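See below for the structure under consideration.
Computed over heavy atoms, backbone and side chain alike; hydrogens, waters and symmetry mates excluded. Worth saying up front: this structure is predicted, and the values here are computed from it rather than measured.
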Amino acid sequence: MSILRTDNQADSMEILKLVIETKDYYREIAKVVEDDSLANELDSIASKRASFIEPFENIVKDFGELPAKPDPDKELMQIIEGELTQFFSADSKTAILDKCLQEDEELASLVNSTKLGEKSAEYQELLDALAENLSDTKKSIQALKD
């Protein structure tokens, strides 16, 4: 394992980390919201996002790296932020959903800009599936806001 990473190594590790972080975020926020249907939808989003963890772990391993673990302190701060958003916001549901969309933005941006798909058709298919998941998630969250 080299200290210097290629763009593909860095992108694959960052995508994996963000997939895990966003999955964990949705799951944790589902635990603190009071609306059961909203909690169920957020938990469903987390489950769908979790399906991308193993394939991206395999890509990271293909590049000779070890999968990175998400920062537990960052995750704790996200949970606290979600609880505070719910507590202090006049429209807590919309505020929480906006925060969920914001959490996905970094991952979507990276998925759209990475050159990882140029390495193989399999990687491109996985990136396309993740991009579709992010798009579907955005549509679901927008629908929940209405």
Side-chain angles (χ1 to χ4, degrees), residues 6-63 65-146:
T6 66
D7 288 343
N8 286 330
Q9 287 171 317
D11 284 356
S12 65
M13 290 181 67
E14 188 65 14
I15 289 171
L16 173 60
K17 185 180 73 125
L18 291 171
V19 165
I20 294 170
E21 285 179 0
T22 57
K23 181 263 309 173
D24 290 346
Y25 184 77
Y26 281 107
R27 194 134 298 138
E28 292 302 323
I29 293 299
K31 292 178 186 176
V32 299
V33 295
E34 295 174 6
D35 180 338
D36 287 340
S37 65
L38 176 58
N40 289 336
E41 183 64 30
L42 294 175
D43 199 48
S44 174
I45 290 169
S47 295
K48 290 174 187 168
R49 188 67 50 85
S51 70
F52 291 95
I53 294 173
E54 185 178 343
F56 276 101
E57 283 177 340
N58 292 334
I59 291 175
V60 168
K61 290 174 187 173
D62 286 350
F63 286 113
E65 295 289 328
L66 296 174
K69 300 285 184 211
D71 181 356
D73 292 335
K74 180 179 178 184
E75 290 181 346
L76 177 61
M77 290 307 297
Q78 289 173 327
I79 294 164
I80 292 169
E81 188 177 302
E83 290 174 346
L84 289 173
T85 298
Q86 181 171 317
F87 183 74
F88 287 113
S89 177
D91 184 4
S92 64
K93 180 178 177 180
T94 299
I96 285 172
L97 293 173
D98 285 341
K99 181 69 177 134
C100 289
L101 290 172
Q102 182 182 344
E103 290 295 317
D104 276 354
E105 282 179 21
E106 185 179 359
L107 177 56
S109 176
L110 182 55
V111 167
N112 290 328
S113 67
T114 187
K115 304 286 188 234
L116 195 56
E118 294 174 4
K119 291 299 261 185
S120 80
E122 180 184 339
Y123 292 175
Q124 188 60 53
E125 286 176 27
L126 186 57
L127 288 167
D128 290 345
L130 181 54
E132 185 176 336
N133 171 268
L134 287 160
S135 176
D136 291 346
T137 298
K138 186 174 184 176
K139 289 174 190 169
S140 294
I141 290 176
Q142 292 292 358
L144 289 168
K145 287 172 66 173
D146 296 335

Fill in: Close side-chain approach of Leu101 and Gln142, heavy atoms under 4.5 Å
yes
Item to complete: With the side chain counted from C-beta on, respond yes when Tyr25 and Lys99 share a heavy-atom pair under 4.5 Å apart, and no when they do not.
Response: yes
Worksheet item: How far does CG of Leu130 sit from CZ of Phe56, to the nearest 0.5 angstrom?
Response: 5.0 Å
Fill in: Min side-chain heavy-atom separation Leu18-Val111 under 4.5 Å
no
Worksheet item: Taking atom CD of Glu122 as the centre, does the number of heavy atoms from other residues, nucleotides or ligands within less than 6.0 Å exceed 12?
Response: no
Discussion item. Applying side chain to side chain contact (heavy atoms under 4.5 Å, CB included) to Glu41 and Leu144, what does each step give before you reach the verdict?
Written reply: CA-CA 9 Å; Glu41 183 64 30; Leu144 289 168; 3.4 Å; yes
Discussion item. I need the minimum non-hydrogen distance between Gly117 and Gln124, along with the two atoms involved.
Written reply: CA-OE1, 3.1 Å
Worksheet item: Within the distance-only criterion (no hydrogens, no angle test), does the side chain of Ser51 pair as donor or acceptor with the backbone N or O of Lys48 below 3.5 angstrom?
Response: yes
Worksheet entry | Least distance between heavy atoms, Arg27 atom then Ser47 atom | NH2-OG, 2.8 Å
Worksheet entry | Closest non-hydrogen atom pair, Leu42 against Cys100 | CD2-SG, 4.2 Å
Worksheet entry | salt bridge (Lys or Arg N to Asp or Glu O under 4.0 Å) partners for Asp11, two or more places apart | none
Worksheet entry | Test side chain to side chain contact (heavy atoms under 4.5 Å, CB included) applied to Leu116 and Leu126, step by step | CA-CA 10 Å; Leu116 195 56; Leu126 186 57; over 6 Å; no
Worksheet item: Can a salt bridge be assigned to the pair Glu57 and Lys61 using a cut-off of 4.0 Å between side-chain N and carboxylate O?
Response: no
Discussion item. Can you confirm whether the side chains of Tyr123 and Asn8 place a donor and an acceptor under 3.5 Å from each other?
Written reply: no
Fill in: Residues which pass salt bridge (Lys or Arg N to Asp or Glu O under 4.0 Å) with Lys31, listed by chain and number, not counting sequence neighbours
Glu28
Worksheet entry | Criterion salt bridge (Lys or Arg N to Asp or Glu O under 4.0 Å) against Asp104, the qualifying member of Lys138, Arg49, Lys23 | Arg49
Worksheet item: Is the closest side-chain heavy-atom distance between Glu106 and Glu14 below 4.5 Å?
Response: yes
Fill in: Where Lys119 and Phe63 come nearest, the two heavy atoms and their spacing
CE-CE2, 3.9 Å
Worksheet, complete the sentence: By side chain to side chain contact (heavy atoms under 4.5 Å, CB included), Asp35 pairs with (sequence neighbours left out) Ser37, Leu38, Lys93
Fill in: Close side-chain approach of Ile45 and Ile141, heavy atoms under 4.5 Å
yes
Practice prompt. Give a yes-or-no answer on whether the side chains of Gln102 and Asp98 include a donor-acceptor pair shorter than 3.5 Å.
Written response: no
Fill in: Under 3.5 Å donor-acceptor, Thr114 side chain and Leu110 backbone
no
Worksheet entry | Whether Ser140 side chain and Asp136 backbone form a donor-acceptor pair below 3.5 Å | yes
Worksheet item: Quick one: are Ser120 and Glu125 in side-chain contact, heavy atoms under 4.5 Å?
Response: no
Response to the item:
Output for pair (Thr22 OG1, Glu103 CD), nearest 0.5 Å, gives 8.0 Å
Item to complete: Determine yes or no for a side-chain-to-main-chain donor-acceptor pair under 3.5 angstrom, with Ser135 supplying the side chain and Ala131 the backbone.
Response: no
Worksheet item: Could you state the interatomic distance from CZ (Phe52) to CG (Leu127), rounded to the nearest 0.5 Å?
Response: 10.0 Å
Discussion item. When you compare the side chain of Ile59 with that of Leu16, does any pair of heavy atoms fall below 4.5 Å?
Written reply: no
